[in-house]
Amino acid sequence: MDPQGIKNWFTAPMLVSFLVFGTMPFWIEAIGLYQYLGLEVMIWVIFALAVNLLLGYTGLPSFGHGAFLGIGAYAFGLTQFNVAANLWISLLGAVAVTAVLGGLVAAFISHRRGIYFALMTIACAQIFFFIASKWTDVTGGEDGLLNIARLPIDLGLAEISIKSNFNLYYLCFAAYVIIVAGMWRLVHSPFGKVISAIKQNDSRVAFLGYNVWLYKWLIFTLSCAVSGLAGALFAMAQEGAYINIMSLQWSGIVILIVLIGGGFISFWGPVLGVIFYFLARDILGAYTEAWLLWFGLTFMVMVMFKPEGLAGIWQDGQAMFGRRKAAVEPCPEPNHAGGD
Amino acid sequence: MMLQIDNIETFYGETQALFGVSLEIAPGEVVSLLGPNGAGKTTTLRSILGLTPAQNGRINFDGKVITRAQSHDIARAGIGWVPDDRRIFPTLTVARNLAIGRKKTRFRSWSVKEMFEIFTALEHLMPRECENLSGGEMQMVSISRALLGSPGLVLMDEPSQGLAPKIVQDVMKTVTRLKSEGIAVLLVEQNAQSALAVSDRAYVMDHGQVVHQGPAAELLEDAPMRERLLGV
Amino acid sequence: MVDFFLGLLPHLLNGVALGLLFALLSLGFMLIIGVMEVINLAHGSLFALGAYFAVMLMGQDGGLPFAFMQAYYDLPAIPRYIIALIVAPALVAVVGMGLEICLRRTYGKDPLYGLLLTFGAALVLEEIIREIWGPAEYFLPLPKAIRGGFFFGDMIYSNYRIFAAVFAMAMIGLLWAFLNRTPYGAVIKAGAHDSEMVRVLGYNLSRLRLFVFAFGAALAAIAGIVMAPIWGVRPHVGVDAVIPAFVVIVLGGVGSFWGAVSAGLLVGMVVALTAAFLTEWSLLSMYLLLLVVVTFRSRGFAGKASALKA
Amino acid sequence: MTDTPLLRVNQVRKTYSMGLLNKQVTFDLRADFSIEKPGIVGVMGPNGSGKTTLFELITGSNNPTEGQVLVCGQDIHQVRSDQRDRLAIHYHQSYQVRHFRKRRPNFMLRPSSTDYPMVHLFDEPQFNTQDGYIGFMLDFFRRLRDEGRLVVLCVHPNEPFHLQIMREICEQYIFVQKGRLSQAPDFDTLLQNPDVTAYLGDLVGGQAA
Amino acid sequence: MALFEAQHLHKRFADQVVLEDITLAFEENQISGIMGPNGAGKTTCFNVLTGRYKPDRGQVRFDGRDITGLPPRKIARHGIARSFQMMNLFDEYTALENIVLALPEVRAKGFSMTHDLAGDDGAQERGAAVLARIGLAGREHTPASDLSYGQRRALEIGIALAAEPRMLFLDEPTSGLGSDATATLAALIQEIRKSVTIVIIEHDMKFLFDLADRIAVIHWGQVIAQGTPDTLRDNEWVRASNLGALA
Amino acid sequence: MSSKITRRSMLRGTALATAGAGAAFFGPWKQNRVYAAASDKPIKIGLTHDASGQFANSGQAEKRGTIMAIQEANAKGGVLGRKVEYVWMDTETTPQTGTRVAERLITRENVHFMVGAIQSGTANAISQVAQKYGCVYFNTNSSSPTESGKNCHRVKFVWDGSGENFSRAAAKNAIDAFGKKWMFLYNDYVWGQNTNAATKKVAANYGADAVDEVAIPVGTRDFSAILLKIQQQKPDVVAAAVGGDDFKVMRKQVSDMGLDTSPAWLNNQQDWPDVYGLGADAAFGVFGTTWYHLLDLPGVKDFVARYQARYPTTRISVPGNVTYNGYVAMRELLRVIEETGGTDNTKIIKALEGRKMSADDRMQTHDAVIDPNSHHVQQTVYLARGNKKPADKTDYFEILTAADPESVRASADAVCKLESFADTPSYDQG
């Protein structure tokens, strides 16, 4: 690949994120946190990126995306138990099942947007939630699907165990690298431009000859598939699949996370949001039981005064120090300054 | 001056509708605002009322700048509105519609009884739900509602539309009466002749600009000019 | 067959009581959508808050820690219940006003922002409840007169259900009279129909909105108090309340008073009957209903165009 | 179709009343006329006299208390409600649209016998002299007539030229006053009616001069 | 045969008939106008012609093919483009991105998730050419939201043009423009008419009478008159109106 | 709708039993990974009690028990001369949080042991993590038959009676007293399902006739439809396996409607925090329990007095079975540490397996033993019912019988297959 090509695939913020996340297990304990937390952060970053693909890029508020995280987790466990105890097959199973169910839901709701879209996703997610909680024979009901194994990474000749949180983290990190690079590519590809155009003005896109419904369907399904991957990783991290993450509450919290981070205006918003949320939970949470209350209030203040979130504050800061984006161009973000 | 508009520019979203409109009305003066469909007459009224505030320019009413004021404050300062589509609340009775419009300002206040005198048909309509009124009946309610708000300036948008000739004459008489009470009227009309007949001065708008202004009598009498500007 | 229908009777009564309560709940929700075009996802939290305030005003262990209140707690249950029915909604109305002031920044923007803000508010209110009252379930103590059950024929009927149904009916009637027979109601209706004209008639729209939001919140609180003995009082009871409200509005149409009442009855009936015959799936029925309703009914409302439009 | 009149309003009566127990008739419209041939009919009358109600009865959006309306021989109230405008169509101003409850579901009713409206009712079309559309409108009315349809034109003449238009284009006139109809074959006959002169007020003076 | 024909279109919304038996024909390489007072059904007619609404009855034919009731994207793919009355730009995108997205070649790659649009020199060049044609050379990288109103109107037309249509529908292109900008726009339309058949909805009669080869007047959801500007102007009321006076 | 919608995932404030010692929430300065000076290093116990969700109340009740045991041990000079510290984190009654809490307690807080559970799902999640690291975990109050059956673990010890124990104690009695027409209600999750299955089996053995079976979704708040069903079916006995807040609400509605005496109710188990505060008449029907604060046995009065001295302002003024289970479990853990002379997991587990505990020591009627094959404590199960003549306002229960452990032994425990010691990592935080 020529240097220009490489530059198209990787950007400075992306490399910074690789550096930070790539070394995290080596310093996370030094700052008083623990490996499992890093693991959860990594998984939730992937999930939040998937959610933002809908919310931030396509303007489709999915208020029930937690359901797909859960479906991924269950599917991972069930494939492992019933099909083959192989990491790759189980991951594939999780992604495929989530994509199929996501595609089904998307077929129902892709002609909607705004509030109705949000409500349809809530309804669908609740239905999945109840099915998961009722279908005890398959999902383990309220107790969850237990004893999901962290299957070894099968490289044909060698096998790498991911039983330790440290090793599993690097599997998640690898997934993150692939997802981030792929998603960055995606949002700058024609497809990404079209979905973002749909967010800005879907009827115009239709009159340009694009099949809006199909694009919405595809991006929803894609987002679900990535959520399913995150769910599979989560199932491994937890060594179980539990119904709780499918609840409305968690679906809502991930929206909060994405928005506080600044998913509306930046690719990196969800990443910032997840870090903010998990740090706040572990640090603030130690000092006040009411930390979620403060988090919720922060969210309200953000919606009122700075819907662009942390990324928006960051951009304002940059603007204040006179670094207009025209000057240096390391990060051709979907920069919507002045758009909203 | 009762109302003084200086060079206002108004936008709907990003669409510019007024390109520097200026006009003025003295107390007790009746002014016609004429022009074809889409010329910006209604927008001018909406800008005065603060519903679509002017982005540039200045509007002065009764000695106060109201360019950016809230609509309800503008209304309380004494501007009444008779919108072209009547805007009667259909699920309320006529009596309630009128009651909602009542308020006190520093200008003359009107009683419901006086309304009955102007529109004799109004009295027996009082208990009716407005949904079931005919167009003309709605127009009477709309005008009465505006007057009950004790305005010093009434903005009338097509008041004669849908009214029987007799009632149009009543309306025009009311306009004359308002004038005699020192109340100013800005009259937007399609029926230029009847409007001009009661007006002191007239403005003609086109394409969001004032293209002519002058005494109403001049327009009424100068047939070629009238024909050129108004087609009649 | 006759037995079957006789057996059905109490379930139907159940459905009616539930339905009337849903209607009461959704009328407040509708008022807010009608006047300010906001889907208030915090409506359920206001509902919960109403129930908690009532618990506080009814029972000693309801969270009022003030010793000087002892004299108040010595009052018989009925006056305390009546006080709770008045004071709790008033307190919730104040909370509603606070929320409306926050919402002002979202007016005129994409309705999604209002949705997100009220969503955040729902979370915050729930947390506040949890902080003050803790996570456990509370029970609203009731005066003896409206507790217990009685037998009619072979079946048992709950006194409270009948009280709730009658009370909800009375509230709906009062609300109707307020909206249709008083000048305040007329301004609200006018504002819901044409807020621009109302402004031009000299009404301060901000103040009207504030009042309507407070009023809607108080209605949510009343519904919460009456629903409390049926649903229990716990921090996240609000989620259970806001979904039926939405279903009712979508079914009945924004701005249609009797539409909301009849839709409320329908939803109540569906919930009661699924609980009777498909107990395991009773909690799901609401969401299935929402899905079906939104799929087939979202366009062509009975009522006016609004933020609900897709 | 030669024998069937284009429009037959047969002993139609519409009353509105108020009060639940002690019913009082607040409005009473009676109409009985028929128009055999295509043409342009001018309708005038004071506000609230019943013109709009008459139009609603003819287009089938409002139900008569008594009597029936036949358009091209078909009872319009027996036609599917979504096809009534295939017989008679009402062009009203948006603020005048009133909603009526449907009495019977469509599957119990008959389809319309024609595919395009035979009776066109224009309720107060805006005659704005400044943009010149009037000319096209008048031509259009004539064209409809020439295509064999009936045009009913309701105008409040507020300017002398309105009267001119009515006189020029209409072939017969109906005047509605307090729920009663009177017909006139031409404009001058119409002006004989004292109610009409009262209705027109000052305008008629100008006209006579 | 005319390039675009609509026959006996009917459309109703709920209880209301909005289009009643509309028959229109637009000849190739002509500018056709549709005019009518507010609320006459012009925009509904436009929406039916361009596929946003499906007519209840009637037929729309383009270049001999029946395109009745096709969804907008399919109609667009037949080579019919439209602009919007309310400007429908992609505000977060630059002028060039707005145009590039409309290029048929980009549309063909729409599902590509790996292709790099910014690095596609061919598309960028063609987009820049369209921008130059509508007088926006040099503004390639300005976000659409930062353009002036007149420039945005031009970009609106540019997006439609970029699709390389055979037929272009313009919905009230002059709305919100002052007289200078209107003149610029008229010049632009005169320029592009060389390569594309144009239909314009307008209530600015003067604008339309100057540009159009044929005009249809729509009122009450029907075509109440049509003809060349000269024949229409022949009407005594038109002559008496200020249009007649100004024209 | 579901009470599983939980939320707060938090370290609820770590408290240290040792006075004055600052807790380490964050920052590298408190990390102590050097185990060399083991002799004076405090013994750290992770408490996994619920503070929110369906079982928040019970979680707090058992926390009072475990902390009481720790404080009593510290008052006597600690264990092996070392102070006993605890770190408590809220598990929110959700498995997901349970996992994270366990991970954090083990890897970040470096606890020696973990204690605390109410809901079987959360207990499972914790025990999986515990098993992965080899950390000994006491399930104090989850009475799902699966806990010591299908989902048993080498590191997990189950201290409460299981639903099956309670069913066995109650079923025979109920058939003889009330009749054979039975209706079954159960909470629709693992504890409810398994307990119900066990009850049904036992009842069927004694000749009961099941007329209907109703699964109640977790989080149900409106029981009227179910009560109407009961009224229609007219069973002699309703066997209910409904837990937590659901049970509380149901009981309230049952007594409001006057259905609490006829039919007879068989409520499997009534946890003290679920009844307390509702008055004696809310404890209707027949049910099992492991302990009652008015048992006429040695040590009970003293225990109650110590509890009241330690928690004078608590809403629940006397200890109940949940607090009791937490207390005795923690006390036993500390004793075993003392006996084995260290915190090595293998030694501790071996000392616990088959361990006998005397009746007097446990304030119960019969001796108890920890089954070495299922790690389930086999103990006395009392059959109780609502007290018609309460001695004081805490006297809700009337104890009917005291079944010895063998007679109520759960068949579900036979399913248990413990991991071998080889498969259990050795775990000793020093």
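Just so it is clear, the structure is predicted and the values come from calculations on it, not from any experiment.
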So, the part of F/Q193 with a heavy atom under 4.5 Å from chain A: the answer is side chain

Under a 4.5 Å heavy-atom criterion, the part of residues 146-156 of chain F in contact with chain A comprises F/N151, F/H153

Contacts table for residues 230-239 of chain A: side-chain donor-acceptor under 3.5 angstrom, sequence neighbours left out:
from   : atom 1 : to     : atom 2 : distance (Å)
A/Q238 : NE2    : F/Q96  : O      : 3.2
A/E239 : OE2    : F/K132 : NZ     : 3.2

Would you say CH2 of A/W135 has more than 12 non-hydrogen atoms from neighbouring residues, nucleotides or ligands within 6.0 angstrom? no

Honestly, the part of A/N147 sitting under 4.5 Å from a heavy atom of chain F is both

Step by step, work out the side-chain contact (heavy atoms from CB on, under 4.5 Å) result for F/I106 and A/Y36. CA-CA 10 Å; F/I106 292 170; A/Y36 183 78; over 6 Å; no

Could you go through the side-chain contact (heavy atoms from CB on, under 4.5 Å) check for F/R104 and A/Q35 one step at a time?
CA-CA 9 Å; F/R104 176 169 173 147; A/Q35 296 293 352; over 6 Å; no

In this structure, OH of A/Y34 is separated from CG of F/N110 (nearest 0.5 Å) by 12.5 Å

Rounding to 0.5 Å, atoms CZ (F/R100) and CG (A/L37) come to a distance of 7.5 Å

